[in-house]
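Chain A is the first sequence line, chain B the second, and so forth, proteins listed ahead of strands; every chain is numbered from 1. Basis for what follows: all heavy atoms, side chains included, without hydrogens, waters or symmetry-related copies.
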2 protein chains.
Amino acid sequence: MPLSEHTESVQDYLKSIFDIQREHGRVATTMLAERLGNSPASVTGMIKKLAALNLVEYEPYQGAVLTPAGEKIALEVIRHHRLIERYLAEALGVPWDQVHAEAEKWEHVLSEDLEDRIDAVLGYPTTDPHGAPIPGRDGTLPPPHTTRLCDLQSGQSATVAEVSDHDPAMLRYFAELGLRPGADVTVVAVAPFGGPLTVRLDNAEHAVGREVAGYVAVCNVTSGG
Amino acid sequence: MPLSEHTESVQDYLKSIFDIQREHGRVATTMLAERLGNSPASVTGMIKKLAALNLVEYEPYQGAVLTPAGEKIALEVIRHHRLIERYLAEALGVPWDQVHAEAEKWEHVLSEDLEDRIDAVLGYPTTDPHGAPIPGRDGTLPPPHTTRLCDLQSGQSATVAEVSDHDPAMLRYFAELGLRPGADVTVVAVAPFGGPLTVRLDNAEHAVGREVAGYVAVCNVTSGG
DNA sequence: GGGCGGTTTTAGGAATACCTAAATATACCA
DNA sequence: TGGTATATTTAGGTATTCCTAAAACCGCCC
Ligand SMILES: [Mn+2]
Ligand SMILES: [Mn+2]
Ligand SMILES: [Mn+2]
Ligand SMILES: [Mn+2]
């Protein structure tokens with residue numbers, strides 16, 4: 001059963017449910033409604049439909065969880081999305097703050113054959129331009145990163161692993177700072193009372209808000225040096 | 001007003017109306033219904049909607065004709081379609097009997113920005129892989145070819161200009177024969193009573209049915225030699 | 001343990017784009 | 001010029017996916 005067995009709407013719901021579930025466990029109606037920009041009432045209706053299709057398990061008032069079948073489709077859509085983002089950035093030079101919007105549309109009409117061709121042309125990449133992992137053809141996906149830039153303490157260094165890709169303006173800001181996946185970052189100072197972090201990137205120092213730093217995942221954390 | 005102002009359905013209707021209008025003038029309900037695979041009743045309904053949007057002129061029982069606004073959108077969709085076909089064939093190696101189906105889906109979600117990037121990467125091509133002209137950004141399109149392979153007489157040579165792209169099996173047949181845009185073809189013999197043509201391509205001779213030869217447009221016709 | 005606020009579902013409806021069956025207009029032919 | 005076959009439209013319906021407003025539920029706090 002290829003993706004095209006399901007409507008674009010169903011694909012988008014499953015994708016969002018997957019994302020929320022990763023972060024929060026069971027998916028509440030309102031949270032899903034906010035993410036999708038639909039009314040809670042509409043979301044209830046669609047969740048019931050997904051449950052009837054055996055794509056989610058649903059208990060009224062208790063939220064929804066993906067079934068294995070639903071998760072498989074979600075991962076397939078996410079694979080399309082991230083492969084396309086990577087392709088647009090690499091092969092067509094689309095700026096990284098624009099690839100998301102383009103992929104959002106294309107992901108639903110990509111054939112499996114074209115998916116494979118794109119994968120091959122790119123040399124079977126494992127991450128999208130924002131550092132997010134691309135699910136394998138078999139639906140495998142590494143666990144999410146656990147450490148964020150805002151979790152680091154003064155003096156610690158790390159490698160940028162992934163940045164949030166939903167706000168184009170924030171992505172342009174990240175690009176300005178040099179805050180891209182693979183970049184080395186050092187936390188020079190952490191202001192108290194939830195204040196900004198001072199970080200060093202490419203030998204330049206920048207003050208960044210605590211909240212923004214929460215949208216950056218890091219790995220390879222080392223202390224001092 | 002970008003393409004996305006109109007539904008995919010509207011885009012497909014306008015494209016088909018444009019195609020039919022080129023060949024037959026005023027577009028009859030039934031012919032459009034056949035092309036789209038919809039019932040005539042549905043087509044009547046949509047034509048009335050298009051007329052309300054000022055995209056076609058419509059006289060009940062007399063068929064429809066595109067307005068300038070409708071034609072502009074049709075040409076825009078066709079430009080997307082043919083650029084995408086070309087891109088898929090050239091950049092991703094999609095076989096020429098498969099590009100049509102893929103482009104049919106992608107054409108509706110292509111942004112103007114990505115359209116420009118693809119155009120540039122391809123070096124501003126003027127035809128798709130089947131020889132059909134790609135409308136310019138400004139909506140210009142050369143007049144259709146007037147001579148078909150089946151119109152040639154014994155002894156005449158010509159250059160293949162364009163082949164029909166709607167039947168993948170026929171495209172594979174054309175590829176086998178070497179009947180691709182730009183190829184030189186000579187008509188060696190024409191059987192009487194609507195019989196087959198014998199044609200020479202790449203120094204090999206083939207008998208092809210009169211009907212199939214009607215799906216091949218030619219140019220640069222020369223007699224004898 | 002009752003009440004209250006926020007969450008969620010139900011009820012009722014709108015828009016889009018299809019369909020089949022029946023009615024009607026057109027065009028052609030005798 | 002009437003009659004009929006064909007093309008087209010109208011009438012009535014279905015499926016999808018969204019909406020707002022109102023009702024129902026859940027959990028927390030006093
Ligand atoms: Mn896929
Ligand atoms: Mn991304
Ligand atoms: Mn365009
Ligand atoms: Mn083509």
Side-chain angles (χ1 to χ4, degrees), chain A residues 1 3-17 20-21 23-65 70 73-74 77 104-105 107-109, chain B residues 1 3-17 20-21 23-65 70 73-74 77 104-105 107-109:
Chain A
M1 37 182 164
L3 267 198
S4 47
E5 296 290 309
H6 298 284
T7 64
E8 198 166 308
S9 208
V10 166
Q11 293 176 38
D12 282 334
Y13 268 82
L14 294 174
K15 191 163 55 122
S16 292
I17 292 170
I20 295 172
Q21 198 174 306
E23 270 188 83
H24 299 91
R26 226 171 160 82
V27 176
T29 303
T30 308
M31 191 172 290
L32 186 52
E34 268 164 24
R35 173 101 36 151
L36 290 165
N38 292 342
S39 73
S42 301
V43 169
T44 297
M46 180 59 95
I47 286 178
K48 285 161 83 171
K49 188 191 164 169
L50 296 177
L53 290 168
N54 275 302
L55 299 173
V56 303
E57 268 175 49
Y58 167 61
E59 205 65 50
Y61 296 99
Q62 304 304 316
V65 186
I73 294 166
V77 181
E104 204 60 35
K105 299 179 297 175
E107 65 189 7
H108 302 294
V109 298
Chain B
M1 33 177 171
L3 266 198
S4 46
E5 295 291 308
H6 299 285
T7 63
E8 197 165 310
S9 206
V10 165
Q11 293 176 38
D12 281 333
Y13 269 82
L14 293 174
K15 190 163 58 124
S16 292
I17 292 170
I20 294 172
Q21 198 174 308
E23 270 188 81
H24 300 90
R26 227 172 158 79
V27 176
T29 303
T30 309
M31 189 172 290
L32 186 51
E34 268 164 24
R35 173 99 38 148
L36 290 165
N38 292 342
S39 73
S42 301
V43 170
T44 297
M46 181 58 95
I47 286 178
K48 284 161 82 171
K49 187 189 164 170
L50 296 177
L53 290 169
N54 275 304
L55 299 173
V56 303
E57 268 173 49
Y58 167 60
E59 204 66 49
Y61 296 99
Q62 304 305 316
V65 187
I73 294 166
V77 181
E104 203 61 36
K105 299 179 297 173
E107 65 189 8
H108 302 294
V109 298

*Closest approach of B/P40 and B/T29, non-hydrogen atoms and distance?*
O-CG2, 3.6 Å

*Minimum heavy-atom separation for A/L3 to A/E107, with atom names?*
CD1-O, 4.4 Å

*A/H108 has an atom NE2; how far is it from atom P of D/dT17, in whole Å?*
12 Å

*Rounded off to whole Å, could you give me the NZ-to-P distance for the A/K49 and D/dC18 pair?*
9 Å

*How long is the line joining CD1 of A/I47 and P of C/dT8, in whole Å?*
9 Å

Could you write out each protein N or O paired with an N or O of nucleotides 19-21 of chain D at a distance under 3.5 Å?
unit_1: D/dC19; atom_1: OP2; unit_2: A/S39; atom_2: N; d: 2.9
unit_1: D/dC19; atom_1: OP2; unit_2: A/S39; atom_2: OG; d: 3.1
unit_1: D/dC19; atom_1: OP2; unit_2: A/S42; atom_2: OG; d: 2.5

*Side chains of B/V10 and B/I73: closer than 4.5 Å at any heavy-atom pair?*
no

*What integer distance in Å separates B/E59:CD from C/dA27:P?*
12 Å

*Residues within residues 7-15 of chain A bordering DNA chain D, heavy-atom distance below 4.0 Å*: A/T7, A/S9, A/Y13

_A/K48 side-chain N/O to C/dT10 phosphate OP1/OP2 under 4.0 Å_ = yes

*Atom of A/I17, atom of A/V27 and distance for their closest heavy-atom approach*: O-CG2, 3.6 Å

*For the pair made of CD in B/E34 and P in D/dT6, what is the distance, rounded to whole Å?*
14 Å

*List the steps, then state whether side chain to side chain contact (heavy atoms under 4.5 Å, CB included) holds for B/R35 with B/K15.*
CA-CA 11 Å; B/R35 173 99 38 148; B/K15 190 163 58 124; over 6 Å; no

Nucleotide N/O of nucleotides 25-27 of chain D paired with protein N/O under 3.5 Å:
unit_1: D/dC25; atom_1: O4'; unit_2: A/Y61; atom_2: OH; d: 3.4

*To the nearest angstrom, how far is B/L36 atom CG from C/dC19 atom C1'?*
15 Å

*Counting only heavy atoms not in A/E57, do more than 12 fall under 6.0 Å of its CD?*
no

_Between P of D/dT6 and CE of B/M31, the distance in whole Å_ = 16 Å

_Shortest non-hydrogen separation from B/H6 to B/Q11 and the atoms involved_ = O-NE2, 3.0 Å

*Could you pull out the closest heavy-atom pair between B/L14 and B/A74, with the gap in Å?*
O-CB, 3.6 Å

*Residue pair B/Q21 / B/V65: nearest heavy atoms and the distance that separates them*: NE2-CG1, 3.5 Å

*Look up atom CG in A/L53 and atom CD in A/E5, then write down how far apart they are to the nearest 0.5 Å.*
11.0 Å

*asked:* Does B/T44 reach a base, just sugar-phosphate, or nothing at all? Heavy atoms under 4.0 Å.
replied: base

